[in-house]
Amino acid sequence: MIAIMISAISLVVSLVSVVFSLKSQHLQDKVNEMDLKLKEYELAQKEKETQLIACVEARAISVGSKSHRIKVWNSGNASAYNVTVAIEESAQIMVLDQDKMPFEILEPNKNFELILCTHLGSANKFKIMTKWEDKDGQKHSKVQITDM
């Protein structure tokens, strides 16, 4: 009789354990599904943000044997506004056509060039800082090292 009661209690405990395990698995499945939806939403938001960001870059280029320019372009997917370019003063390089700046609107994949004036004391490698605003007026900047 005691063996039957112990078996019955074991059966009930096992059934309760199975029920709780099934409920737990069901809840875990819901959590995993919600986590997947959240990750998909975050990925969609990041893709949307990267599509709407301007990225202004600049490089020094040689034109002919003695002329140099800075080529400035927008490699992003949105227009950049009020674009300016500055070279570190220690490079001893002048930008001749400063009147182009600020460049009011630089559309995606468009560019402009600035003429450089160098001399024997000018640096061969230097930093160029580009600054721009997005459509909301938020300011951005990028510093790049370039050489001639």
Looking at [X], I want to see if its [atom1] is surrounded by more than 12 non-hydrogen atoms of other residues, nucleotides or ligands under 6.0 Å.
X: H119; atom1: NE2; result: yes
X: K131; atom1: NZ; result: no
X: E89; atom1: CD; result: no
X: N124; atom1: CG; result: no

Once you round to the nearest 0.5 Å, how far does CG of L27 lie from CG of L22?
11.0 Å

Ion pair present between E113 and R69, side-chain N to carboxylate O less than 4.0 angstrom?
yes

Look at K46 together with E42 and state whether they make a salt bridge at an N to O cut-off of under 4.0 Å.
no

Show, in sequence, the C-alpha distance, side-chain angles and deciding distance for F126 and T146, and conclude whether the side chain to side chain contact (heavy atoms under 4.5 Å, CB included) test is met.
CA-CA 6 Å; F126 54 92; T146 189; 3.6 Å; yes

Is [X] linked to [Y] within one hydrophobic cluster, defined over Ile, Leu, Val, Met, Phe, Trp and Tyr using a side-chain heavy-atom separation of less than 4.5 Å?
X: F20; Y: V12; result: yes
X: V56; Y: W73; result: no
X: M101; Y: Y81; result: no

Kindly indicate, with the supporting measurements, whether the criterion side-chain hydrogen bond (donor to acceptor under 3.5 Å, both in side chains) is fulfilled by S75 and E57.
CA-CA 7 Å; S75 62; E57 301 183 64; 2.6 Å; yes

Where do A80 and V83 come nearest, in terms of heavy atoms and distance?
CB-CG2, 3.9 Å

